[in-house]
Amino acid sequence: MPDSRVIQRLSLVFLCLGPFVAIALVALRTLRQSNWHYVLGGFSFGLFVVATWTFARGFRTKLPETRLAAIAGILLILPFSLVSLLWVGLGPPWLASASENQLRYVVLIVMTAAVIGGFVSLKESLVIVGERVYSTLGFAGMILAGPLYLIGEALLLAAYAACIRTGEVPAIFASLSELQDILMFFGGALVYGSTAAFGVSIGHAGLIGRRISYMMASVSLISLVCLVTRGLQFPDPATFSERWYTIPGFVAGIPAVPFVLPYFFGVALLCCSAREKLCKLA
């Protein structure tokens with residue numbers, strides 16, 4: 001029988017590698033040409049479930065702050081577990097079919113809802129342990145970011161659904177492309193800002209080290225700067241002289257990218273809740 005500590009360590013290693021595993025599976029477009037993407041998706045999702053459940057015992061405690069932290073951790077990890085399940089071989093939007101892109105935006109809407117729920121749960125947990133300043137700033141940003149992101153994604157989902165039905169994107173959605181870009185820009189910018197505030201917050205609450213929390217907040221702010229320098233409109237990758245994934249502003253504006261850092265918050269929260277590390281500040 002494997003030692004429980006070995007299982008925990010392996011689970012933690014997998015959770016830390018989770019987003020990179022999911023992104024690698026998405027990038028391999030050739031996997032979509034066969035049924036192997038179903039097998040790989042189911043297997044990777046199963047690993048996410050097992051690894052998350054290993055640290056989910058904080059969910060069963062009677063302490064509200066610990067339970068909320070565990071719930072937040074699960075919700076923040078959920079987005080990339082769904083990516084690993086459903087986006088295997090999907091590739092970028094300009095290589096995917098209309099039906100595949102419809103699935104893309106269905107998943108993105110669920111991801112957005114999960115991240116909002118995770119940050120709301122985290123905010124309540126931080127308030128209980130006594131950190132109210134930065135968690136309130138982060139919460140305010142997420143409350144604003146959520147509707148912008150959801151509306152922008154819903155418009156894109158509707159455009160692809162109409163394209164499947166009629167064979168082309170209706171003129172009304174083509175005319176709204178600038179609005180969609182603006183909604184996604186401000187939604188992403190607010191997610192980055194909120195993530196930075198929550199990064200400082202969990203450091204002040206003692207859930208992670210101050211240096212690590214400030215580093216995570218700095219990464220989020222740098223991503224925000226990259227997004228701002230890109231501009232309001234999402235550029236056409238065909239116009240780039242270099243590969244799109246080497247351009248920081250373009251990468252920062254990809255709808256799923258702002259959820260990467262919150263994912264690692266989720267891993268940290270699960271570990272803290274499993275050890276019942278949360279305690280009220282003096």
Does Y214 reach the side chain of V219, with side-chain heavy atoms less than 4.5 Å apart? no
Using a 4.5 Å cut-off on heavy atoms from C-beta on, say whether the side chain of L12 contacts that of F55. yes
Does any pair with a residue in residues 164-177 pass salt bridge (charged side-chain N to carboxylate O under 4.0 Å, His left out), and if so which ones, sequence neighbours excluded? none
Taking side chain as C-beta onward, heavy atoms only, is F48 less than 4.5 Å from S84? yes
Between N101 and P93 (side chain of the first, backbone of the second, donor and acceptor by atom type, cut-off under 3.5 Å), is there such a pair? yes
Heavy-atom check, side chain of L75 versus side chain of V115, under 4.5 Å: no
Please identify each residue that fulfils ring pair (Phe, Tyr, Trp, His ring centres under 6.0 Å) with F265, with sequence neighbours left out. none
How would you list all residue pairs meeting salt bridge (charged side-chain N to carboxylate O under 4.0 Å, His left out) that involve residues 218-230, not counting sequence neighbours? none
Output for pair (M184 CE, L227 CG), nearest 0.5 Å, gives 10.5 Å
Please work out whether the ring planes of F259 and Y149 are parallel, tilted or perpendicular, with thresholds of 30° and 60°. perpendicular
Close side-chain approach of E65 to L126, heavy-atom, < 4.5 Å: no
Looking at side-chain heavy atoms only, is the closest gap between L190 and M142 below 4.5 Å? no
Checking L68 against L122 for the side-chain contact (heavy atoms from CB on, under 4.5 Å) test, could you report, in this order, the C-alpha distance in whole Å, the side-chain angles of both residues, the deciding distance, and whether it holds? CA-CA 6 Å; L68 284 166; L122 174 57; over 6 Å; no
Cluster link V49 to V107, ILVMFWY, side chain under 4.5 Å: yes
So do I7 and S11 actually touch side chain to side chain, heavy atoms under 4.5 Å? yes
Verify the cluster assignment for L40 and W87: are they in a single hydrophobic cluster under the rule of side-chain heavy atoms below 4.5 Å apart? no
Which of parallel (below 30°), tilted (30 to 60°) and perpendicular (above 60°) describes F264 and F20? tilted
Quick one: do Y134 and I202 satisfy side-chain contact (heavy atoms from CB on, under 4.5 Å)? Show the steps, please. CA-CA 9 Å; Y134 295 103; I202 61 178; over 6 Å; no
Atom CD1 of I128 and atom NZ of K123: how far apart are they, to the nearest 0.5 Å? 10.5 Å
Can F234 and F250 be said to form a ring pair (Phe, Tyr, Trp, His ring centres under 6.0 Å), step by step? CA-CA 7 Å; F234 199 83; F250 185 91; 4.8 Å; yes
Heavy-atom pair with the smallest gap, counting every atom of S44 and G41: OG-O, 3.0 Å
For S218, what residues pass the side-chain hydrogen bond (donor to acceptor under 3.5 Å, both in side chains) criterion, not counting sequence neighbours? none
Residue pairs, two or more places apart or on separate chains, that pass side-chain hydrogen bond (donor to acceptor under 3.5 Å, both in side chains) and touch residues 16-29: R29-E100
Can you name the nearest heavy-atom pair linking E178 to A174, along with the distance? OE1-O, 4.4 Å
Report yes or no: do V106 and V88 belong to one cluster of Ile/Leu/Val/Met/Phe/Trp/Tyr joined by side chain heavy-atom distances under 4.5 Å? no
Atom CZ in R132, atom OG in S201: separation rounded to 0.5 Å? 11.0 Å
Test item: Y192 side-chain N/O and A252 main-chain N/O as donor-acceptor pair under 3.5 Å: yes
With a 4.5 Å cut-off on side-chain heavy-atom distances among I, L, V, M, F, W and Y, is there a chain of contacts connecting V267 to F14? yes
Let me confirm one number: the CG-CG distance from L103 to L90, rounded to the nearest 0.5 Å. 6.5 Å
Find out if a path of hydrophobic residues (ILVMFWY) with successive side-chain heavy-atom gaps under 4.5 Å connects I116 to V127. no
On a heavy-atom basis, which atom in R104 and which in G91 lie closest, and how many Å separate them? NH2-O, 2.8 Å
S177 (side chain) donor-acceptor with F173 (main chain) under 3.5 angstrom: no
Using modelled atom types only, decide if a donor and an acceptor are shared between the side chain of E131 and the backbone of V133 within a distance under 3.5 Å. yes
Hey, does L232 have a side-chain heavy atom less than 4.5 Å from the side chain of D181? no
In sequence, state the C-alpha distance, the side-chain angles, and the governing distance for F139 and F119, and then conclude on ring pair (Phe, Tyr, Trp, His ring centres under 6.0 Å). CA-CA 7 Å; F139 176 75; F119 275 133; over 10 Å; no
Calculate, to the nearest 0.5 Å, the distance between atoms CD and CD1 belonging to E153 and I109 respectively. 6.0 Å
side-chain contact (heavy atoms from CB on, under 4.5 Å), that's the test. Do I77 and Y263 meet it? Break it down for me. CA-CA 5 Å; I77 288 172; Y263 171 94; 3.7 Å; yes
Judged by atom type as modelled, is there a donor-acceptor pair below 3.5 Å linking the side chain of Y160 to the main-chain atoms of V169? no
Where do A69 and L269 come nearest, in terms of heavy atoms and distance? O-CB, 3.6 Å
Are V200 and S213 close enough, and set up right, to give a side-chain contact (heavy atoms from CB on, under 4.5 Å), and what steps lead you there? CA-CA 6 Å; V200 176; S213 72; 5.7 Å; no
Taking the side chain from S125 and the backbone from S121, do they hold a donor-acceptor pair closer than 3.5 Å? no
Could you note down all residue pairs passing salt bridge (charged side-chain N to carboxylate O under 4.0 Å, His left out) where residues 251-268 supplies at least one of them, sequence neighbours left out? none
In terms of heavy-atom contacts, A70 and L270 come closest through O-CD2, 3.8 Å
To the nearest 0.5 Å, what is the distance between CG on L85 and CG on L25? 11.0 Å
Where do Q102 and I164 come nearest, in terms of heavy atoms and distance? OE1-CD1, 3.1 Å
